[in-house]
Enquirer: 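Have a look at the structure that comes next, please.
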There are 2 protein chains.
Amino acid sequence: MPRLSDVARVAGVSKATASRALSGADGVSAATRSKVQRTAEQLGFRASGAARRLATGMTRTIGVLTPSVDRWYFGSVLHGIAHMADAHEHDVLLYDLGAFGRGGHEKFERFMRRGEVDGLVTITWSLVGGDLTRLAQLGIPVATVGEPTPHSRSFSLDDDAAGELAAEHLVRLGHTDLLHLASETEVQPFDSSSSDRRKRAFEAVSIRHGLRMRPVTTVPTHLEGAHGIVRALLDRDDRPTGVVAGTDEAALACMLAAHQLGIRVPEELSVIGVDDVPAAAAFGLTTVRQDPARHGEDVVAWIIEALSRPEAEPDRSHTSYAPELVVRASTAPPPR
Amino acid sequence: MPRLSDVARVAGVSKATASRALSGADGVSAATRSKVQRTAEQLGFRASGAARRLATGMTRTIGVLTPSVDRWYFGSVLHGIAHMADAHEHDVLLYDLGAFGRGGHEKFERFMRRGEVDGLVTITWSLVGGDLTRLAQLGIPVATVGEPTPHSRSFSLDDDAAGELAAEHLVRLGHTDLLHLASETEVQPFDSSSSDRRKRAFEAVSIRHGLRMRPVTTVPTHLEGAHGIVRALLDRDDRPTGVVAGTDEAALACMLAAHQLGIRVPEELSVIGVDDVPAAAAFGLTTVRQDPARHGEDVVAWIIEALSRPEAEPDRSHTSYAPELVVRASTAPPPR
DNA sequence: ACTGGCATCGGAACCGGTTCCGGTTCCTGG
DNA sequence: CCAGGAACCGGAACCGGTTCCGATGCCAGT
């Protein structure tokens, strides 16, 4: 591997000049610059990131602590993060902590001992409260996406509004007998997880409009587990006329169960979800949209900005995004 | 930020000893080691990754060039990569090149100028052939997952076998009139993309068993776009008795269209896909499974291994994974 | 008592860039 | 014709770790 000093020697200049020429700094004549650039190209020179970082003290890297990236929400946030980081010429270092709660802790500890990143974003559920407070003492900008938290700057969907929007949509269509399907959260850092907030918003709407009160049912976040439960709930005479699901996964499981039972959607049963996963569009599911990639972009923009004024007092504010109702073919007025 | 020299000074030892104590190297008495460790803890010392890397010459980082990670396949591969990298205490640097073919190129060029990673994995479609050959000249282990390629070591599902397995399953059930739904590939580095291989395998099965020959239909990879096309195909009297889809997305779009048209699955129409996405299990879709996370793990294992013997000749071999038939409720013998 | 050897530690070089500081050269204005 | 300054460049220090090598202390063996 050719080093900078090799390039300098071949080009007949000093290391200092070579560095200036290649980095784009001024104080180098155009002729010299192009000569250096040419020989660098010729030698296949690639600057050592480690050396540059050591010399400048700027890492230009942001770390991401996340649960398994094979899930839509986390993948989408990560996509947004990568996009914005790239726009600011920052690298992104990925720490996939695996499934919720399981085994992520020792990875986290290892992460804490390394001083590689100058900004950090944690995605909901990847950590519990105690870890978050330790992160906050790291001396670098830390932000969370997916859920409000008092321990750091945070970005998330306004879950209260989302739950309300979903329920209100069915109420406005004339429904008075609704069932809420809450998605299970394996680990929840605070007592007000997204799922709980959506559930409580639903209950508030129920009370406000005097709907029939039914017990809330919690289903697993994966479709397969949810399906059997939902099917049992729908396969009875006093079933509700509409289902407000906490997530699209639950809503889709519900649509499937309805299909299998011969219950027509939306004529006999309305179904609404939250998230707007790709499958929701395909299956014509009415839902409340959030845009996780956008959250990822914003969190990185904030970190970059925080990096630019190192001596500011820590910002622990929360940004919540307004949900957006997307009406498709799974909701309609109740039968008769 | 405390440096190693600070720890050394406070602990009353030299930088050399402090380094040895913290890195776990021997040549340090137990007493000294624990003293150093204690003061490091106390000072909140975190070693500079850049300095360590510069000194050792070992980056312990593997780069990943991938299309948008918000899609199931890419997210899953990345998950496997992250998992295995972590097991070997390597970091993973993510380069999300965005949607297929669009705008990824300048990001790629920027990547090429940085010398940050000591191993690289590219995920299918993130690059075109020319870029791959440049990568191969980088002097670091490079591997591709998702498709066979002559330019580097590669790992992928055996697409020929997958296409055959899907078609043969329906043939064995007694079907003689099948339709193939190929998933569109926006960019394909070689003339034999996954989609094409699956399609050709289907055609081979058709000929071998003397099935009715129907034109292959190509549908977009996102469910929404596929749905309308599929619906039109099914809404006619001479529709096939079974559909062999190139991906689960296409298969699910097909199931949905069938439901909407009142065509019962599997009694009146059998549907089979490839991939085994989470939704497939939920919707009872018979499919041919592949395990992208496994591919991600293996590719990293190979890179780590290649790193350990730097002077070996380049390995451009291909590993293909056998597909696995997962029979669920969407396939049955043809009607009558 | 003396020597050989092992365990432990410190000094200093080094990794490969960036940047401060000072020295030339050359051009401009008085 | 000379002072002042701008443009350009080189030497050397520096970032913060790791590691080679030599020095020291201590104990066992003869």
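Quick note on labels: first sequence line is chain A, next is B, and so on, each numbered from 1.
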Enquirer: Would you say the side chain of A/Arg20 and the base of C/dG17 hold a donor-acceptor pair, judged only by whether the two atoms sit under 3.5 Å apart?
Expert: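 Answer is no: no donor-acceptor pair is held.
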Enquirer: Counting just side-chain N and O atoms, does B/Ser14 come under 4.0 Å of either OP1 or OP2 of C/dC9?
Expert: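 Checking B/Ser14 against C/dC9: no side-chain N or O falls below 4.0 Å of OP1 or OP2.
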Enquirer: Starting from the C-alpha separation in whole Å, work towards a yes-or-no answer on side chain to side chain contact (heavy atoms under 4.5 Å, CB included) for B/Thr61 and B/His90.
Expert: CA-CA 5 Å; B/Thr61 298; B/His90 277 241; 6.0 Å; no
Enquirer: Looking at D/dG10, does its base get a donor-acceptor pair with the side chain of A/Lys15 below 3.5 Å?
Expert: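 There is none.
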Enquirer: Between A/Asp70 (side chain only) and B/Gly75 (backbone N and O only), is there a donor and an acceptor less than 3.5 Å apart?
Expert: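 The answer is no, because no donor-acceptor pair under 3.5 Å joins these two groups.
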Enquirer: Could you walk me through whether B/Thr59 and B/Glu116 pass the side chain to side chain contact (heavy atoms under 4.5 Å, CB included) check?
Expert: CA-CA 7 Å; B/Thr59 298; B/Glu116 326 272 14; 5.6 Å; no
Enquirer: Take the C1' atoms of the five end pairs on each side of the helix from C/dA1-D/dT30 to C/dG30-D/dC1, derive the two axes, and give their angle rounded to 10 degrees.
Expert: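 That helix has its two terminal axes inclined by roughly 40°.
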Enquirer: Does D/dT18 have its OP1 or OP2 closer than 4.0 Å to a side-chain nitrogen or oxygen of B/Ser19?
Expert: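 It does, given that an N or O in the side chain of B/Ser19 lies less than 4.0 Å from OP1 or OP2 of D/dT18.
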Enquirer: Is there a side chain to side chain contact (heavy atoms under 4.5 Å, CB included) between B/Val77 and B/Val299 once you walk through the steps?
Expert: CA-CA 10 Å; B/Val77 173; B/Val299 76; 5.8 Å; no
Enquirer: Round to the nearest Å and state the distance from A/Leu4 atom CG to D/dC14 atom C1'.
Expert: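 It works out to 15 Å between those atoms.
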Enquirer: Nearest whole angstrom, please: distance from the C1' of D/dG16 to the CZ of B/Phe45.
Expert: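 It is 8 Å, rounded to the nearest whole Å.
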Enquirer: A/Thr144 and A/Ser152: side-chain donor and acceptor closer than 3.5 Å?
Expert: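 Side-chain D/A pair, A/Thr144 to A/Ser152: present.
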Enquirer: Please list, in numerical order, the residues of residues 28-39 of chain A that have a heavy atom closer than 4.0 Å to any atom of DNA chain C.
Expert: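 Within this stretch, nothing sits under 4.0 Å of the strand.
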Enquirer: Indicate the ring-plane relationship of A/Tyr321 and A/His295, choosing parallel, tilted or perpendicular according to the 30° and 60° boundaries.
Expert: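 Parallel, since the angle between the ring planes stays under 30°.
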